Amino acid sequence: MPELPNVETLKKYIGTTSLNKKIINVEIKNTKILENISKEKIIHRLKRNKFVHTYRHGKYIFIKTNRATWLILHFGMTGYIKYFKNLDDESSHTRLLITFDNNYHLAYYNQRLFGKISFTNNKEKYITQKTLGVDALNLDYNGFKELMANRRSKIKPILINQQLISGIGNIYADEVLFQSGIHPETKINNLSPKKIKDIYMNIKEVLQIAIKAKANPDNFPDKFIIPHRKRKGVCPKGNEELKTIKINGRTTYFCPVHQKLE
DNA sequence: CGTGGCTCCTGGCGGC
DNA sequence: TGCCGCCAGGAGCCAC
């Protein structure tokens, strides 16, 4: 699930549901998702406090408490968030369950346990220690050109490298390259300045459109490849069947007609 | 630096 | 139907 548009949607969801409410209970249902913090400490730092602000960097959500510390949520492949009243709505994949004084709950689900829950007093320091690159929405054109300079790797692994640009994952990288008409295995040093600019513009456009659609592919424009990114999927610009290849172990969908390797 | 393999997990689905 | 292997929107680590 969670690449930048999904995470941004979850961030806004937390912002509209869970701020400025007293936390009366905190349950950690699986300690595997905890990163460098004990169950007891998380409970201690949250209970009887409130969330006051949300922030996102790449695929991470930071939730500030009234004690000026930040709860950090990372989602891995299968994480998401839900705010609800009836505990019957809770799933077996709940890893963190927060209860507010209005008796509503905020649950962090994560089926595959690849996500992480953490805490920090200093989010900038956390971002630095994780060596995360600039958030994709804050990336400027000159910065992007610098990232592309003197590189010889295939374009796709660079787009999903969180150390360089934070927020783009396997799915949205495919979308950006499809919109740019570029084969995902194209070597960066073979890309013209015009193509570099196309990629940059499409990063912005794809992410912004996806955020407006609340990261729900059902709401995506017809020209997007993401809704077709499945077995036997066809190119939205024509009707040719999409191809899949593995790039650094990640399944990559592309159109063999509109994304030719030059 | 770039690439590829392995690992952490759980669960759904295609294929036989 | 039953079972098995493969695959999944992430990412760290290691070897070459």
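Given the structure is predicted, the values throughout are model-derived calculations rather than measurements. The sequence lines fix the lettering, A, B, ..., with proteins before strands; numbering per chain opens at 1.
One finds a side-chain N or O of Lys246(A) lying less than 4.0 angstrom from the OP1 or OP2 phosphate oxygen of dA8(C). Proximity of Arg112(A) to the phosphate of dG11(B): no side-chain N or O atom is located under 4.0 Å from OP1 or OP2. When the side-chain nitrogen and oxygen atoms of Thr78(A) are compared with OP1 and OP2 of dA8(C), none of them lie within a distance under 4.0 Å. For dA11(C), one of the phosphate oxygens OP1 or OP2 lies less than 4.0 angstrom from a side-chain nitrogen or oxygen of Gln162(A). For Lys32(A), no side-chain nitrogen or oxygen approaches OP1 or OP2 of dT10(B) to under 4.0 Å. Contact between the side-chain N/O atoms of His93(A) and the OP1/OP2 oxygens of dT10(B) is not found at any separation under 4.0 Å. Taking side-chain N and O atoms only, Arg231(A) has a distance below 4.0 Å to OP1 or OP2 of dG15(B).
Taking atom NZ of Lys156(A) as the reference point, atom P of dG2(B) lies 17 Å away to the nearest angstrom. Whole-Å rounding puts the Lys116(A) NZ to dC8(B) P distance at 13 Å. The interatomic distance linking Tyr80(A) (OH) with dT10(B) (P) rounds to 16 Å, in whole Å. Counting to the nearest Å, the C1' atom of dA11(C) and the CD1 atom of Ile160(A) are 10 Å from each other. Between the CG atom of Asn161(A) and the P atom of dG12(C) there is a distance of 9 Å, given to the nearest Å. Put simply, NZ on Lys230(A) is 15 Å from C1' on dC13(B), counting in whole angstrom units. Taking atom CD1 of residue Ile61(A) and atom C1' of nucleotide dG10(C), one finds them 15 Å apart after rounding to whole Å. Taking atom NZ on Lys187(A) and atom C1' on dC1(B), their separation rounds to 13 Å, with Å as the unit.
The residue from Asn20(A), Thr17(A), Leu71(A) that alone fulfils the side chain to side chain contact (heavy atoms under 4.5 Å, CB included) condition with Phe51(A) is Leu71(A).
Across dC6(C) and dG5(B), the matching P atoms stand 14 Å from one another, rounded to whole Å. To the nearest whole angstrom, the two P atoms, one in dG12(C) and one in dC1(B), are 16 Å apart.
With distances taken from any side-chain atom of Met77(A) to the nucleotides dG12(C), dG15(B), dG10(C), the minimum falls on dG10(C). Picking from dG2(B), dT10(B), dA11(C) the nucleotide with the shortest atom distance to the side chain of Gln111(A) gives dT10(B). Between dT10(B), dC8(B), dA8(C), one nucleotide has an atom nearer to the side chain of Thr251(A) than all others, and that is dA8(C). Distances from the side chain of Lys154(A) to the nucleotides dT3(B), dC1(B), dG12(C) place dT3(B) closest. Set against dG2(B), dC9(B), dG10(C), the side chain of Leu113(A) has dC9(B) as its closest nucleotide. The side chain of Arg250(A) lies closest to dG10(C) when the candidates are dA11(C), dG10(C), dT3(B).
For dC9(B), there is no paired base (Watson-Crick or G-U wobble, both distances below 3.5 Å).
A salt bridge does not link Glu175(A) to Lys156(A): none of the charged side-chain nitrogens sits closer than 4.0 Å to a carboxylate oxygen.
In summary, the side chains of Ser166(A) and Lys59(A) do not present any donor paired with an acceptor at a separation below 3.5 Å, with no hydrogens or angles considered. With hydrogens and angles left out, the side-chain atoms of Tyr172(A) and Asp174(A) include no donor and acceptor closer than 3.5 Å.
Ring centroid separation for the pair Phe62(A) and His57(A) does not come in under the 6.0 Å cut-off.
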Practice task
Given side chain to side chain donor-acceptor pair (under 3.5 Å), test Lys246(A) with Thr252(A) step by step and report yes or no.
Solution key: CA-CA 6 Å; Lys246(A) 291 268 185 194; Thr252(A) 300; over 6 Å; no
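In this structure, Gly249(A) reaches neither bases nor backbone, as no heavy-atom distance under 4.0 Å exists between it and the strands shown.
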